[in-house]
Amino acid sequence: MNTQFSRSALSSTSADGLVMYFFENERSFQQKKKACVREFASTEGLLQSGDFSGAKGSVSVVYLKKGKGAKRLFLVGLGKSENVGLEQIRRSTAKAARVAQSLNVKHLACEFPTIDHLNTQSVTEAIIEGAVLSVYKFDKYFTINKTSSYLEQVTICGSKDLQASIQAGIDFATVLCEGVYLTRDLANAPNNEIYPEALGERARKAAKEAGFKIDVFNKKKIESLKMGGLLAVNQGSVRPPVFIVMEYNGGKKGDAPVVLVGKGITFDTGGISLKPGAGMMEMKLDMHGSATVIGTMYAVAKLKLPINLVCLVPSTENMPSGSAYVPGDVITHFNGVTSEIDNTDAEGRLVLADALSYADRYNPQAVVDIATLTGACVIALGSVTSGLMGTDDALKSRIKAAASNTSEYVCELPLYEEYEEQIKSDIADVKNSGGRPAGSITAALFLKKFIGNYPWAHLDIAGTGIAPKDGPYAPKGGSGVGVRLFVDMIRNW
C-alpha cells in the first residue's frame, strides 16, 4: 500500500475519503465542530443533531457536496482526550479504514490529531498501522465474485513543523506493516503452496528484498548436524525438511546477536497421534511462529535497525505413514539430549529443541522462541493473549514492555520445577508430553532442557496466531502476531 505525507489542508487533498478525529470532551468537541463545519458545510446537520459525540470507537460518514474533492468524510471518535492511547488511535483508524474500504474508497487522507501526551511519530505510526493492517485480505485464490474494493493509499495531512516526525512515522510503520503482511500471507497460505522447501524459497525472496543473509539447510545437511527432533517429525512426510538460518548484522561487529526461533510445522496432522478431522484445516497455520520470525527479520533488516539478529526456522510437515515416528520412540537431539515420544502431536517442541540447541553456536545475548505450541494455552488465555515463559527476568521484562507498546498482550506463566515431574521418562532424559494438566508449562519445561547458557524466553501463540474471528485490525486466520512485538523489542533493545 502507498503511504505519504501532505502539507495540504485535508479538504485540498486528492483523496476520495477523508478522516477527521474528534475528542469527546465538551470544549474540545465544540471547537472541532465549528472548525469542521467551516471546512465542510455538509457536516453541520450531523454535528448539530448530537448523533455523533466523539465517543471512543465511533465512526460516522458524511457525504460531501459534489465537486473535485473527496465524496466522503469519516468522523472518528477517540473518546476523552486525557485517556487516548496509541491503541485507541490504531483501533479507531482501523474502524474508519474498514468502513472506507467497504465503500470502495481507494485513497484515504487522515488529518494528524495533536495529542499532548503522545509524541508525533508514535501517533503517526499508530494511524498507519490501524489503517493498513485492518484492510488486509488473503483473497488470492478467489476467482468468482472477487472483490474490487481495496484501499490503495493512505495520506497523513499535517503542518510543516511536524513534517519530519510524521514522515519518520510513516516510513517506519509502512515497513513494519509489510513485515506483518508477509507473515499473514505465509501463515494463511495452504499447505500445497507453503511446504518446507517453499517456505525456504519465500524466505530467500524476503532476504533479497530486505537485505539479509540466508542459508537453507537441506535434509542431508540436517542429517549431518544430527538434528534428531526435526528428522523424527519429518519421517512420515514425503516432503523433506529444511532448516532456515537468517542473519542480519546491523549492530557493531562482534556484538552478540539476539536470536529468534520460529516453529515451522507447515501442516500438522498430529502424526500417528492423529488429530480429529474437524478443524484440521487450520493446521496449515501451525507454522505461524516461523512466519513471524521471517516477517520480523524482513522488517528489521529493511528498517536497518542497529542490532545483530539471527532467526532460525526448523520446518517440516507432521504426517502419519508407515515410516512415521511413533509413541515409544526415543530420539537424540542436536545437543545430545534424548527424548521419549509420548505423543506424536507434541511435535513442535521436538523441532524447536534442535533449533534452540543450535542457537548456542552464536553465543547470543538472548534467545526467544515463538510457536503455536499448545492447545492448553488457548484454554488458559483464549485468542487475546500469548503465553510467556522463560528463564531471564530482564528478557521477559523487555517482552512485556514491547507487548504493552504494541497491545500484543502477553501473560507470564510459571516454570516451577515441580511441574517437571510430568515430563520425566523411565528410559530417556525427558518425555515429550506431560499430559493435559499445565500443558503449556510442561511444553516450555521440555524446551528448557535444550537451551544453552543464554537468557531464554518462550512465546506460545496457539491462540493469538490462529484467530477465530476478525480482531480490531487483524483478520480471522493468520493474525501476524509477534512481528510488531519483536520489532518494538529490538527497536528499544
Asker: Would you please name every residue forming a side-chain contact (heavy atoms from CB on, under 4.5 Å) with Glu282, sequence neighbours left out?
Answerer: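 Result, side-chain contact (heavy atoms from CB on, under 4.5 Å) vs Glu282: Ile466.
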Asker: Can you name the residues that form a side chain to side chain donor-acceptor pair (under 3.5 Å) with Arg491, not counting sequence neighbours?
Answerer: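 In terms of side chain to side chain donor-acceptor pair (under 3.5 Å), with neighbours along the sequence ignored, Arg491 is linked to Glu125.
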Asker: Run the ring pair (Phe, Tyr, Trp, His ring centres under 6.0 Å) test against Tyr181 and tell me which residues pass, sequence neighbours left out.
Answerer: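 With neighbours one apart ignored, the set is Tyr136.
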Asker: Could you list the donor-acceptor pairs under 3.5 angstrom formed between side-chain atoms of residues 207-220 and any protein atom two or more places apart in sequence or on another chain?
Answerer:
from: Asn218; atom 1: OD1; to: Lys220; atom 2: N; distance (Å): 3.3
from: Asn218; atom 1: OD1; to: Lys221; atom 2: N; distance (Å): 2.9

Asker: Can you list, pair by pair, the side-chain donor-acceptor contacts under 3.5 Å of residues 433-450, counting residues two or more places apart and other chains?
Answerer:
from: Ser433; atom 1: OG; to: Gly435; atom 2: N; distance (Å): 3.4
from: Ser440; atom 1: OG; to: Thr374; atom 2: OG1; distance (Å): 2.7
from: Ser440; atom 1: OG; to: Cys377; atom 2: N; distance (Å): 2.9
from: Thr442; atom 1: OG1; to: Ala438; atom 2: O; distance (Å): 3.3
from: Thr442; atom 1: OG1; to: Gly439; atom 2: O; distance (Å): 3.2
from: Lys449; atom 1: NZ; to: Glu420; atom 2: OE1; distance (Å): 3.3

Asker: Please say which of Val310, Ile307, Val367 ends up in a side chain to side chain contact (heavy atoms under 4.5 Å, CB included) with Val258.
Answerer: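 Testing Val258 for a side chain to side chain contact (heavy atoms under 4.5 Å, CB included) against Val310, Ile307, Val367 leaves exactly one candidate, Ile307.
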Asker: Check side chain to side chain donor-acceptor pair (under 3.5 Å) between Thr124 and all other residues, then give those that pass, not counting sequence neighbours.
Answerer: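 Once residues adjacent in sequence are excluded, Thr124 has no partner under the side chain to side chain donor-acceptor pair (under 3.5 Å) criterion.
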Asker: With sequence neighbours left out, which residue pairs that include part of residues 308-336 fulfil the salt bridge (Lys or Arg N to Asp or Glu O under 4.0 Å) condition?
Answerer: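 Residue pairs passing salt bridge (Lys or Arg N to Asp or Glu O under 4.0 Å), neighbours aside: Arg239-Glu317.
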Asker: Would you tabulate the side-chain donor-acceptor contacts of residues 402-417 under 3.5 Å, counting partners in other chains and residues two or more places apart, or write 'none'?
Answerer:
from: Asn405; atom 1: ND2; to: Ala401; atom 2: O; distance (Å): 3.4
from: Asn405; atom 1: ND2; to: Asp488; atom 2: OD2; distance (Å): 3.0
from: Thr406; atom 1: OG1; to: Ala402; atom 2: O; distance (Å): 2.8
from: Thr406; atom 1: OG1; to: Glu408; atom 2: N; distance (Å): 3.3
from: Ser407; atom 1: OG; to: Glu87; atom 2: OE1; distance (Å): 3.3
from: Glu408; atom 1: OE1; to: Gly482; atom 2: N; distance (Å): 2.9
from: Glu408; atom 1: OE1; to: Leu485; atom 2: N; distance (Å): 3.2
from: Glu412; atom 1: OE1; to: Lys400; atom 2: NZ; distance (Å): 2.7
from: Glu412; atom 1: OE2; to: Lys396; atom 2: NZ; distance (Å): 2.6

Asker: Applying the salt bridge (charged side-chain N to carboxylate O under 4.0 Å, His left out) criterion to Lys263, which one of Asp354, Asp286, Asp460, Asp268 satisfies it?
Answerer: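 Of Asp354, Asp286, Asp460, Asp268, salt bridge (charged side-chain N to carboxylate O under 4.0 Å, His left out) with Lys263 is met by Asp286 alone.
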Asker: Quick one: side chain to side chain donor-acceptor pair (under 3.5 Å) partners of Tyr362, sequence neighbours excluded?
Answerer: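 Here the qualifying residues are Glu247.
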Asker: Applying ring-ring contact (aromatic ring centres under 6.0 Å, His included), which residue pairs with at least one partner in residues 467-493 are found, sequence neighbours left out?
Answerer: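 Residue pairs passing ring-ring contact (aromatic ring centres under 6.0 Å, His included), neighbours aside: none found.
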Asker: Looking at residues at least two apart in the chain, or sitting in another chain, which of them share a side chain to side chain donor-acceptor pair (under 3.5 Å) with Ser323?
Answerer: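 Ser323: side chain to side chain donor-acceptor pair (under 3.5 Å) contacts with Ser321.
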Asker: Residues two or more places apart in sequence or in another chain: which of them pass side-chain contact (heavy atoms from CB on, under 4.5 Å) with Thr344?
Answerer: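 Here the qualifying residues are Ile272, Ser273, Tyr325, Pro327, Ile341.
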